[in-house]
Amino acid sequence: MLERRPIVSALSDFQKQDPISFHVPGHKNGLLSNLPAGMAAVLSYDLTELTGLDDLHFPQEAIEEAQILLAEAYAADRSFLLVNGSTVGNLAMIHAVCKEGDQVIVQRNSHKSIFHALELAKVQPIYISPQWDDDSLTVISLSLQAIQAAVGNYPNAKALVLTYPSYYGMVSEELADIIQFCHRKGLAVLVDEAHGAHFQAGTPFPVSSLALGADAVVQSAHKTLPAMTMGSFLHLQGTRVSEKKVEKYLRMFQSSSPSYLLLASLDDARSFIRSYSQSDLRNFLQKRADFISSLRTIPHLTVFESDDSLKLLLRVENRSGFQFIRKLEQTGLYAEMADSYQVLLILPLLKQGHTYPFAEARSRIKDAVRSVREESSEMASFQIQVPDEISVPELSFEEIDLADYEWIPYTRAIGRIAAGTVIPYPPGIPLIIAGEKWTTAKLEELMNYLASAVQIQGEHRLDRRQLLVLRQDEES
């Protein structure tokens, strides 16, 4: 039996009136749309703040009830539905805690939205590098020791911003101790838990940072739950993060015309995880185990199981993940992302009664392995360089904004201060942030990304082999 879904119910009840639209949006319940029929079919639910449908920014009816149910599902003091992705949750929680000039300790491999939030808030970031993990071949979490050192060096820091789990599903066993330490030192702990909305399903999934005591937690419901893209959650607990300030910044940063389709999908996603049963979990784990067993019979393929049971890493002997993902896409199988070593798969969080084409997926993966192994050239993998453990930018965000810039050939960038952020995407973790100095290691890493045909976002002219840096007289 489905959990109550107040937003879904409100939209369904509204449609039973056979309404005639003399309001926005202009497609008029889909009547004026030229979209293909399958797309246009949902437009009758693409509505606005009409009587009976509530208002996201001042909820009193269905949306308010949906947010109360969300908080209950995640054992939060207060929860919010987000229609501008986890990005807006990260913006809101950082602005709610920090004021201009505050020192904020930040995990260096955070998502780009965290760095945008720091820049908009005009805080002073102190970056801590994550640890390299030889098993997952990725950078993972921060150590308690590194955080203790950072707080010791910067005792006036206002908050700690963490990413948990990593994009690859790896988690920190020290997180509870980190949160307790920060609270003793007076820091709020803000967590980008974009890939952890499904942790409420229970063991063997990791424990949510919210359950471990974090003050504000943002989750991308669309990443691992059945919500539409851009649908996310923000949870608060305790008194270190002001609910009123979060409400204020969400009203400022989110659209004043939120999508009711997105809201309904979030309502449904909350219902999905709230009603996820032990029998559902056993069913999922059995299908997952069968799929992994079948993959391990494919020659030259290695399967690595992440801390998060929804994440699998696939590696092909003597081939890079970039080579492998291109072959997978040629078979019609699309993975989440690739890196130098491997390809990341995000599995479906199945319930009983759901089917998924695992057998066909295994067949296509086998074909892709065979195809990539037939390539005569091997692509050398490269390790992401982990920078200094604790670092601060050479210049503040304000100083960078006021400075003059110039474009230079990237071969001359070593030792120069970056005026733009360079971001391999996915996963959206900046290689360099404006205000940091280009080093030999960072430039070599950039060359490796370019050689592997990785998409690079940010302020650059890499098609012309140029990078944006501060003028020499500004750096001195």
Side-chain angles (χ1 to χ4, degrees), residues 3-7 54-86 88-98 104 117 158-164 175-202 205-221 225 227 231-254 263 266-267 269-276:
E3 292 268 321
R4 171 148 173 74
R5 299 174 298 170
I7 299 175
D54 209 357
D55 183 337
L56 177 63
H57 295 295
F58 294 95
Q60 297 177 324
E61 302 170 310
I63 295 174
E64 181 181 36
E65 183 183 354
Q67 293 191 146
I68 291 171
L69 291 171
L70 177 62
E72 291 175 355
Y74 284 86
D77 291 341
R78 181 75 187 275
S79 293
F80 300 87
L81 301 173
L82 308 178
V83 295
N84 287 75
S86 286
V88 77
N90 289 334
L91 287 167
M93 70 179 179
I94 287 174
H95 277 77
V97 171
C98 306
V104 180
K158 191 75 172 290
L160 170 68
V161 183
L162 297 175
T163 299
Y164 171 98
L175 183 57
D177 293 334
I178 288 170
I179 293 170
Q180 291 174 13
F181 168 77
C182 288
H183 285 171
R184 288 197 302 272
K185 296 296 183 177
L187 281 75
V189 179
L190 315 178
V191 181
D192 178 356
E193 195 172 280
H195 286 261
H198 62 291
F199 288 176
Q200 291 302 104
F205 292 110
V207 178
S208 169
S209 59
L210 190 70
L212 296 176
D215 301 291
V217 176
V218 178
Q219 298 171 329
S220 294
L225 298 182
S232 295
F233 302 144
L234 169 58
H235 308 290
L236 305 179
Q237 65 181 345
T239 59
R240 293 180 182 86
V241 181
S242 166
E243 290 184 19
K244 294 298 182 184
K245 286 186 177 181
V246 168
E247 288 177 336
K248 167 188 170 182
Y249 286 110
L250 288 178
R251 286 196 294 269
M252 293 173 66
F253 292 136
Q254 291 203 103
L263 291 170
L266 285 170
D267 195 19
R270 185 270 315 154
S271 170
F272 179 94
I273 194 62
R274 177 72 171 185
S275 61
Y276 202 82

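Residue numbers count from 1 along this sequence. Note that this is a predicted model, so its numbers are computed, not measured.
When all heavy atoms of I7 and D267 are compared, the closest pair comes out as N-OD2, 2.7 Å. Among all heavy-atom pairs drawn from V104 and C98, the shortest one is CG2-SG, 3.5 Å. In plain terms, the two heavy atoms of A159 and L190 that are nearest each other are CB-CD1, 4.3 Å. Looking at every heavy atom in both residues, A96 comes nearest to V241 through CB-CG1, 4.3 Å. Of all the heavy atoms in V246 and A92, the pair that sits closest is O-CB, 4.4 Å. When every heavy atom of Q200 is checked against every heavy atom of S208, the shortest pair comes out as OE1-CB, 4.2 Å.
Between H235 and F233, the two ring planes are tilted [angle within 30° to 60°]. Between F199 and F205, the ring planes lie parallel to each other; the angle is under 30°, not in the 30° to 60° tilted range.
Rounded to the nearest 0.5 angstrom, S209 OG and E193 CD are separated by 3.5 Å. Here L82 contributes atom CG and L56 contributes atom CG; the two are 8.5 Å apart, rounded to the nearest 0.5 Å.
The shortest distance between side-chain heavy atoms of L69 and R274 does not fall below 4.5 Å. By the 4.5 Å heavy-atom criterion applied to side chains, V189 and L162 are counted as neighbours. Between F80 and L236, some side-chain heavy-atom pair lies under the 4.5 Å cut-off. Counting heavy atoms from C-beta outward, H198 and Y276 have side chains that stay 4.5 Å or more apart. The shortest distance between side-chain heavy atoms of V97 and M93 does not fall below 4.5 Å.
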Checking side chain to side chain donor-acceptor pair (under 3.5 Å) for the pair Q219/S86: CA distance, chi angles, key distance, verdict?
-> CA-CA 6 Å; Q219 298 171 329; S86 286; over 6 Å; no

Decide side chain to side chain contact (heavy atoms under 4.5 Å, CB included) for I178 and L160; before the verdict, give the C-alpha distance in whole Å, the side-chain angles of both, and the deciding distance to 0.1 Å.
-> CA-CA 10 Å; I178 288 170; L160 170 68; 3.7 Å; yes

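Under the 4.0 Å criterion applied to side-chain N and carboxylate O atoms, E247 and R78 are assigned as salt-bridge partners.
Side-chain atoms of K245 do not come within 3.5 Å of backbone N or O of H95 as any donor-acceptor pair. Put simply, the side chain of D192 never gets that close to the backbone of T163: no donor and acceptor are under 3.5 Å apart. Although no hydrogens or angles enter the test, the distance criterion places a donor-acceptor pair under 3.5 Å between the side chain of D54 and the main chain of A62. A donor-acceptor pair is defined here as one N or O able to donate and one able to accept, closer than 3.5 Å; such a pair exists between the side chain of Q237 and the backbone of A214. Checking side-chain atoms of Y74 against main-chain N and O of A211 turns up no donor-acceptor pair under 3.5 Å. A donor-acceptor pair is defined here as one N or O able to donate and one able to accept, closer than 3.5 Å; no such pair exists between the side chain of N84 and the backbone of Q254.
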